[in-house]
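Worksheet: one structure, shown below.
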Amino acid sequence: MNDPLIRIAEALERLSPPAPAAPDLDAADAFIWHTAPDRLEPVTKVARVDLGLLVGVNRARDILLENTRHFAKGLPANNALLWGARGMGKSSLVKAIHGALRAEGLPLKLVELAREDLPSVQRLLGHLRQSDHRFVLFLDDLSFSHDDQHYKSLKAVLDGGIEGRPDNVILYATSNRRHLMPRDMIENERSTAISPAEAVEEKVSLSDRFGLWLGFHPCSQDDYLAMIDGYCQAYGVPVEDTLRAEAVEWQATRGSRSGRVAWQFFTDLAARKGIRLY
């Protein structure tokens with residue numbers, strides 16, 4: 001233990017550890033990318049709802065499903081930005097489509113990447129590029145603040161760089177903002193820059209690099225009630241005459257209607273009926 005050569009060798013090992021083993025991309029249908037150290041963690045069970053239970057997003061559902069099916073079959077497809085009202089099923093739609101296409105037997109895998117890990121995205125793509133599988137790279141609840149430079153890493157992946165995006169990877173992002181940044185940030189760039197138009201273009205061009213823009217808007221009361229009715233049928237929860245009034249009161253106390261609010265009401269209803277959901 002006192003041999004200086006051994007101590008030097010151990011110190012060098014800590015400074016420059018051996019390269020991690022290549023990830024086993026056959027281990028699961030979905031993964032989460034982590035850094036420090038880099039690894040793809042398998043997800044044995046994806047938290048998702050059935051595609052048929054997503055109500056009020058028919059147009060976005062059909063467009064994204066067709067785009068994803070094309071990609072899974074090796075045909076041309078676009079990166080997609082799902083933006084709009086919170087709780088209206090943007091991330092649920094991505095996960096539900098992945099599940100539906102896997103059920104069709106298509107070789108599609110889902111990889112979730114956190115916004116704070118965007119600087120490592122090229123290392124992640126290096127792993128995915130070497131695989132025969134096809135991957136949806138999923139960035140949930142994506143947005144950027146005024147001093148956030150992570151968007152530049154994303155721009156290079158979407159449309160830029162010498163290598164570009166691997167043919168077996170497509171990128172789907174969800175955000176409450178159509179341009180992925182607050183409006184006051186865009187206006188501030190316009191008012192303080194030497195060349196206002198160029199400064200704004202640098203920021204806004206990020207969302208322009210998504211081939212598909214799918215907007216999600218607050219649902220109507222009929223859609224809200226239809227969501228709850230669909231959950232009741234799917235899970236065998238009996239529907240009583242007072243259900244409609246209770247559901248309307250529930251959304252009124254929250255000041256909004258959405259798929260998330262509908263699911264929260266249904267969760268409470270199922271608990272009161274003594275029905276397990278998981």
Side-chain angles (χ1 to χ4, degrees), residues 47-72 76-101 110 112-115 118 136-145 148 150-151 154-155 157-159 165 170-187 189-190 200-228 230-231 251 254-264:
R48 57 173 161 239
V49 298
D50 187 82
L51 189 59
L53 293 177
L54 298 178
V55 175
V57 293
N58 295 359
R59 180 177 178 276
R61 177 200 63 204
D62 294 345
I63 292 174
L64 193 66
L65 180 59
E66 182 180 25
N67 188 70
T68 314
R69 184 179 284 116
H70 288 165
F71 170 73
N78 277 304
N79 299 311
L81 173 63
L82 288 67
W83 67 275
R86 66 187 188 276
M88 277 306 298
K90 297 183 291 294
S91 60
S92 295
L93 181 59
V94 174
K95 292 183 287 186
I97 285 177
H98 169 252
L101 295 182
L110 186 67
E112 184 172 6
L113 170 67
R115 185 200 62 81
L118 272 172
V136 173
L137 186 56
F138 178 42
L139 292 94
D140 193 21
D141 198 18
L142 186 63
S143 63
F144 301 97
S145 59
D148 194 337
H150 289 356
Y151 76 93
L154 182 56
K155 284 178 67 174
V157 175
L158 288 169
D159 185 23
R165 174 172 56 87
I170 198 168
L171 194 147
Y172 288 173
T174 70
S175 178
N176 293 336
R177 299 166 176 158
R178 182 171 58 178
H179 291 302
L180 302 177
M181 55 200 65
R183 181 175 295 276
D184 60 348
M185 175 181 169
I186 296 174
E187 295 300 327
E189 291 285 349
R190 180 180 287 114
V200 173
E201 182 67 21
E202 169 73 8
K203 302 291 186 181
V204 175
S205 66
L206 175 59
S207 55
D208 286 343
R209 297 184 183 219
F210 289 91
L212 288 180
W213 283 15
L214 301 175
F216 290 69
H217 309 286
C219 63
S220 66
Q221 181 165 289
D222 288 342
D223 284 340
Y224 167 72
L225 294 173
M227 293 172 187
I228 296 172
Y231 292 142
Q251 61 89 20
R254 282 147 184 79
S256 66
R257 286 188 297 265
S258 69
R260 181 177 298 144
V261 173
W263 176 257
Q264 290 166 348

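Starting from 1, each residue takes its place in the sequence as its number.
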Side-chain (K95) to main-chain (A47) donor-acceptor, under 3.5 angstrom: yes
Whether over 12 other heavy atoms sit under 6.0 Å from R254 CZ: yes
Close side-chain approach of V261 to S256, heavy-atom, < 4.5 Å: yes
Side-chain touch L214/V57, heavy atoms, less than 4.5 angstrom: no
Gap separating the CG atom of L93 from the NE2 atom of H98, nearest 0.5 angstrom: 13.5 Å
Non-hydrogen atoms of M88 and R257 that approach each other most closely: SD-O, 4.5 Å
Test side chain to side chain donor-acceptor pair (under 3.5 Å) applied to N78 - qualifying residues, sequence neighbours left out: none
Where Y224 and S258 come nearest, the two heavy atoms and their spacing: CD1-O, 3.9 Å
Atom pair CG/CG of L137 and L110 - distance to nearest 0.5 Å: 9.0 Å
From W213 atom CH2 to I63 atom CD1, the distance as rounded to the nearest 0.5 Å: 14.5 Å
Minimum-distance pair of heavy atoms, taken over all atoms of L51 and A100: CD2-CB, 4.1 Å
Pair F216 and W83, ring centroids less than 6.0 Å apart: no
Within-4.5 Å side-chain heavy-atom neighbours: L171 and F210: yes
Inter-residue atom distance R165.CZ - N79.CG, 0.5 Å rounding: 4.0 Å
Stepwise side-chain contact (heavy atoms from CB on, under 4.5 Å) test for I170 and T68: CA-CA 9 Å; I170 198 168; T68 314; 5.9 Å; no
Test item: K90 side-chain N/O and D140 main-chain N/O as donor-acceptor pair under 3.5 Å: no
